[in-house]
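Here the structure is laid out as structure tokens; the discussion comes afterwards.
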There are 2 protein chains.
Amino acid sequence: MVAALAGVSRSTVSRVVNDAPNVDPDIVKSVQSAISTLNYIPNRAARSLASRRTNSVAVVVPESTSKVFADPFFATLVESIAQTLVETKYTLNLIVSSEARPEKTRSYLLGGNVDGALVVSHHSGDHSWTRISDSLPVVFAGRPFRGEGDSYYVEVNNQAAAARAAQHLVDAGRTSIATIAGPQDMYPGVDRLRGWETALRSARLDTSLVEVGDFTQASGREAMRRLLDRGQRIDGLFAANDQMAAGACSVLTDRNIRIPADIAVVGFDDDSFATSVTPALTTIHHPIVEMGHRMAEILLALIEGEPADRVNLLPTSLVVRDSA
Amino acid sequence: MVAALAGVSRSTVSRVVNDAPNVDPDIVKSVQSAISTLNYIPNRAARSLASRRTNSVAVVVPESTSKVFADPFFATLVESIAQTLVETKYTLNLIVSSEARPEKTRSYLLGGNVDGALVVSHHSGDHSWTRISDSLPVVFAGRPFRGEGDSYYVEVNNQAAAARAAQHLVDAGRTSIATIAGPQDMYPGVDRLRGWETALRSARLDTSLVEVGDFTQASGREAMRRLLDRGQRIDGLFAANDQMAAGACSVLTDRNIRIPADIAVVGFDDDSFATSVTPALTTIHHPIVEMGHRMAEILLALIEGEPADRVNLLPTSLVVRDSA
DNA sequence: TTGTACGCGTTATCAT
DNA sequence: ATGATAACGCGTACAA
């Protein structure tokens, strides 16, 4: 450590760099000036090796979602996490987790590369690497399918929110309400379907108008076509996210079905799709940005050894626009 | 290194892990089995410290673009880079570079954290950290404003492509062609404006219908309003990217100006905005995905000490849809 | 082909 | 409050 040439020992320099207490103010100054004149930059590898901390956290995103950032949910969430971390000393390591080689992700996370991980995927795939929570602090976006008992996660009450959305349609006098559900191998898909069902049940309405999509706009279009092709009357639609709702709307518009006059539409997420579509979507506001903040906050707390709540529920709200 | 308990010395284990040549096949096997039974994962910090290589590369994105991933250009580029890197041994470190504290980015890049950097921003801000190309392999997305002589970058011929777009309007018989230009402090903004000018000049058309935006949809809307408020006749528009074109289209539609009947519109990028707008945009296809691939390829080559071209031009093409 | 021994740059422990 | 010194876990000459 050449900076020691500026008068003191390496230990003292180390103390200054990590602004430890009990350092003579004068020495601090002289060391700092030495540092800047020598353009000294601490080597991270050495620091990590000695301190067993890396000052970086992993953000694990699914590769399967072929275009992760085309999905406003992922894009906004990652963005939000990045913005939160930039304020801290931690660096973000983006791990695209290929379902093909889960060991790569696993060994990365366990190889001492990061102090913690934020898992942004919530599919119920193999996820052998989900079993790492004991060796490494991990926070999930949404209740994970496995080990939900001992995992930290932040999410919204999908079922209640979906019920609220469906209830909005019921309150508007709609009596034949369909839904385009999300994938049934992840909780948001399951819970939002369940919420729609409970609202319709308590209104004694038919709950058979269900088609499943995969949260993409294209799947929303296809699901809408299948619903219409059933030949049954439909005057209300709840889509499990705005992307699918947008897809459905384009099909409705193509077939000259008026929104909301003929079919009222409610989405979920309140993302960019909600307002880019005509008419603007009535939808459930999903606090994605807040979600990213909280995830990062909780992870940092865990890393620092502070306690944190395992379950973190964020509030949602119904945003009424023009489609319902 | 506990794996040495499986028969041999640590050096041999190291050789096996880094699959060095001249290792007895039998020993390789026994070591590998020992590795898997012991769940041994090499510690990266130690490895980096000893080998002076980190097996990770930085992707520097601007924080200023408040929502980086809301911009299809950045989102697609980062996505593409991520997909390319996942096939390699390199890990992606996402650095959101705050213009407020450029030293943070600089010291990160120079602190031995990464083997190279991909710079995805091309603003002409302070960028004191641009001066790192000598200490670290760096590849830029688009010709950097400074030190373009000795930098590696991949881009398209913005001027020629813009000229082609404007020429398309000229060929369609449009005689009063406006443009919504990009920021004039970055080359894509400057070059696309210049291309539009040259095409109009050689057709002896007026080149005064210029308004400048910042590549966002909102700025496109405002610029379009300013253009219309000039009171001059306009029958053609070239926007420097699809987002601004989309913004302009929404204003035109609001004012009951038909596209392309009254005003033909040509965009630039061929991103998701181009097809989400009605009518679908005629635009310049910008090979963003290919760009990410090439950037990563070149960076890896540089890291490996292989030679690479400093200037890498990718081809564009005119995509004719419904707006012009 | 394999093992020995040293060094990578920093933090942590223990004296002082 | 400061300085010596031993780890940290691995790569890699060099020797065998």
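Only a predicted model underlies this, so the values are computations on that prediction, with no experimental measurement involved. We name chains A, B, ... by the order of the sequence lines, and we start the count at 1 in each one.
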TODO: Let me know the distance between CG of B/Asn43 and C1' of C/dT10, rounded to the nearest Å.
DONE: 14 Å
TODO: Figure out the CZ/C1' separation between A/Arg44 and D/dC8, and round it to whole Å.
DONE: 16 Å
Point-to-point distance, once rounded to the nearest 0.5 Å, from [atom1] of [X] to [atom2] of [Y]:
X: A/Phe69; Y: B/Glu79; atom1: CZ; atom2: CD; value: 6.0 Å
X: B/Leu314; Y: B/His293; atom1: CG; atom2: NE2; value: 10.5 Å
X: B/Thr91; Y: B/Arg44; atom1: OG1; atom2: CZ; value: 5.0 Å
X: A/Ile298; Y: A/Leu302; atom1: CD1; atom2: CG; value: 7.5 Å

Task: Side chains of A/Tyr108 and A/Asn93, donor plus acceptor under 3.5 Å - done: yes
Task: Check: A/Asn43/B/Arg52 side-chain N/O donor and acceptor closer than 3.5 Å - done: no
Task: Qualifying residue for side-chain contact (heavy atoms from CB on, under 4.5 Å) with A/Tyr90, from A/Thr54, A/Leu300, A/Leu299, A/Val114 - done: A/Leu300
Task: A/Leu118: which of A/Val139, A/Thr84, A/Leu92 passes side-chain contact (heavy atoms from CB on, under 4.5 Å) - done: A/Val139
Open item on the list: Quick check against the 3.5 Å criterion: does A/Arg310 have a side-chain atom that pairs as donor or acceptor with the backbone of A/Asp150?
Closed with: yes
- [ ] Indicate the ring-plane relationship of B/Phe73 and B/His286, choosing parallel, tilted or perpendicular according to the 30° and 60° boundaries.
- [x] tilted
TODO: Please round to 10 degrees the angle between the axis of the first five pairs and the axis of the last five pairs in the helix from C/dT1-D/dA16 to C/dT16-D/dA1.
DONE: 30°
- [ ] Using a cut-off of strictly less than 4.0 Å between a heavy atom of the residue and any atom of DNA chain C, enumerate the qualifying residues of residues 45-54 of chain B by number.
- [x] B/Leu49, B/Ala50, B/Arg52
Show me the protein contacts with nucleotides 1-4 of chain D, counting only N or O atoms at under 3.5 Å.
from	atom 1	to	atom 2	distance (Å)
D/dA1	OP2	A/Asn22	OD1	3.1
D/dA1	OP2	A/Asn22	ND2	3.3
D/dT2	OP2	A/Asp24	N	2.8
D/dG3	OP2	A/Ser9	N	3.2
D/dG3	OP2	A/Ser9	OG	3.2
D/dG3	OP2	A/Thr12	OG1	2.5
D/dG3	N7	A/Arg15	NH2	2.6
D/dG3	O6	A/Arg15	NH2	3.4
D/dA4	N7	A/Ser11	OG	3.4
D/dA4	N6	A/Ser11	OG	2.7

